[in-house]
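Here is the structure we will look at, set down as structure tokens.
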Amino acid sequence: VYIKCKGVLYSNDMSDYMIISLIDLTDLYLKNKSKEKFLAMIAHEIRNPLNGIIGNSELLKNESNILDKNKLIESIHYCSNFLLSFINNV
């Protein structure tokens, strides 16, 4: 069995193996951590305005005599525009 790793050919008749340097493992770990942080930040930035849109629209739907309907509508509008702007910039 032959395995090519970074341009070097390794072979072993007893078992399959690939030599991965500590640098490769560290690089892989950091890339995964960066990806996790990025996805967590994206999820947070999308979740907040969505909660504002959902919460305010439910208030408007369920309550017929809300005095400050315009404030709820403005909040929905603001959250929607923020979300659209954020997604456009990603």
Side-chain angles (χ1 to χ4, degrees):
V1 175
Y2 295 94
I3 298 171
K4 191 171 186 178
C5 178
K6 289 199 170 201
V8 179
L9 201 57
Y10 298 95
S11 98
N12 184 345
D13 294 335
M14 301 296 282
S15 65
D16 298 340
Y17 70 95
M18 184 168 69
I19 297 174
I20 299 176
S21 70
L22 183 57
I23 294 171
D24 293 336
L25 291 175
T26 303
D27 185 48
L28 181 62
Y29 175 79
L30 292 175
K31 285 180 183 177
N32 283 334
K33 282 296 175 191
S34 294
K35 184 171 67 171
E36 288 173 10
K37 286 180 182 178
F38 174 76
L39 291 175
M41 188 268 306
I42 293 290
H44 174 77
E45 293 297 328
I46 291 173
R47 190 179 302 115
N48 283 344
L50 280 176
N51 284 331
I53 294 165
I54 292 167
N56 287 316
S57 61
E58 284 179 359
L59 285 173
L60 284 173
K61 182 180 92 174
N62 295 332
E63 299 291 332
S64 60
N65 53 356
I66 294 179
L67 298 176
D68 293 328
K69 284 187 178 184
N70 284 339
K71 286 184 180 180
L72 294 175
I73 292 169
E74 287 175 15
S75 178
I76 291 170
H77 184 73
Y78 173 80
C79 290
S80 301
N81 283 328
F82 176 84
L83 187 58
L84 180 61
S85 174
F86 179 78
I87 290 172
N88 284 338
N89 289 323
V90 172

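As the structure is a computational prediction, the values presented were derived from the model and not from experiment.
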Could you tell me the separation between the [atom1] atom of [X] and the [atom2] atom of [Y], rounded to the nearest 0.5 Å?
X     : Y     : atom1 : atom2 : answer
Ile54 : Glu58 : CD1   : CD    : 7.0 Å
Leu72 : Leu59 : CG    : CG    : 5.5 Å
Asn62 : Ser57 : CG    : OG    : 9.0 Å

Strictly distance-based, threshold 3.5 Å: is any side-chain N or O of Ser85 a donor or acceptor partner for the main-chain N or O of Asn81? no
For Lys61, which residues count as a side chain to side chain donor-acceptor pair (under 3.5 Å) partner, sequence neighbours excluded? none
With sequence neighbours left out, the residues meeting side chain to side chain donor-acceptor pair (under 3.5 Å) with Asn51 are none
Per the salt bridge (charged side-chain N to carboxylate O under 4.0 Å, His left out) rule, what does the pair list look like for residues 69-90, sequence neighbours excluded? none
Scan for salt bridge (charged side-chain N to carboxylate O under 4.0 Å, His left out) pairs involving residues 36-49, sequence neighbours excluded, and state none if there are none. Lys33-Glu36
Residues that [X] engages under side-chain contact (heavy atoms from CB on, under 4.5 Å), provided they are two or more places apart:
X     : value
Asn32 : Leu28, Lys35
Ile46 : Ile42, Leu50, Leu83, Phe86
Ser80 : Ile53, Ile76

Could you pull out the closest heavy-atom pair between Gly52 and Cys79, with the gap in Å? CA-SG, 4.0 Å
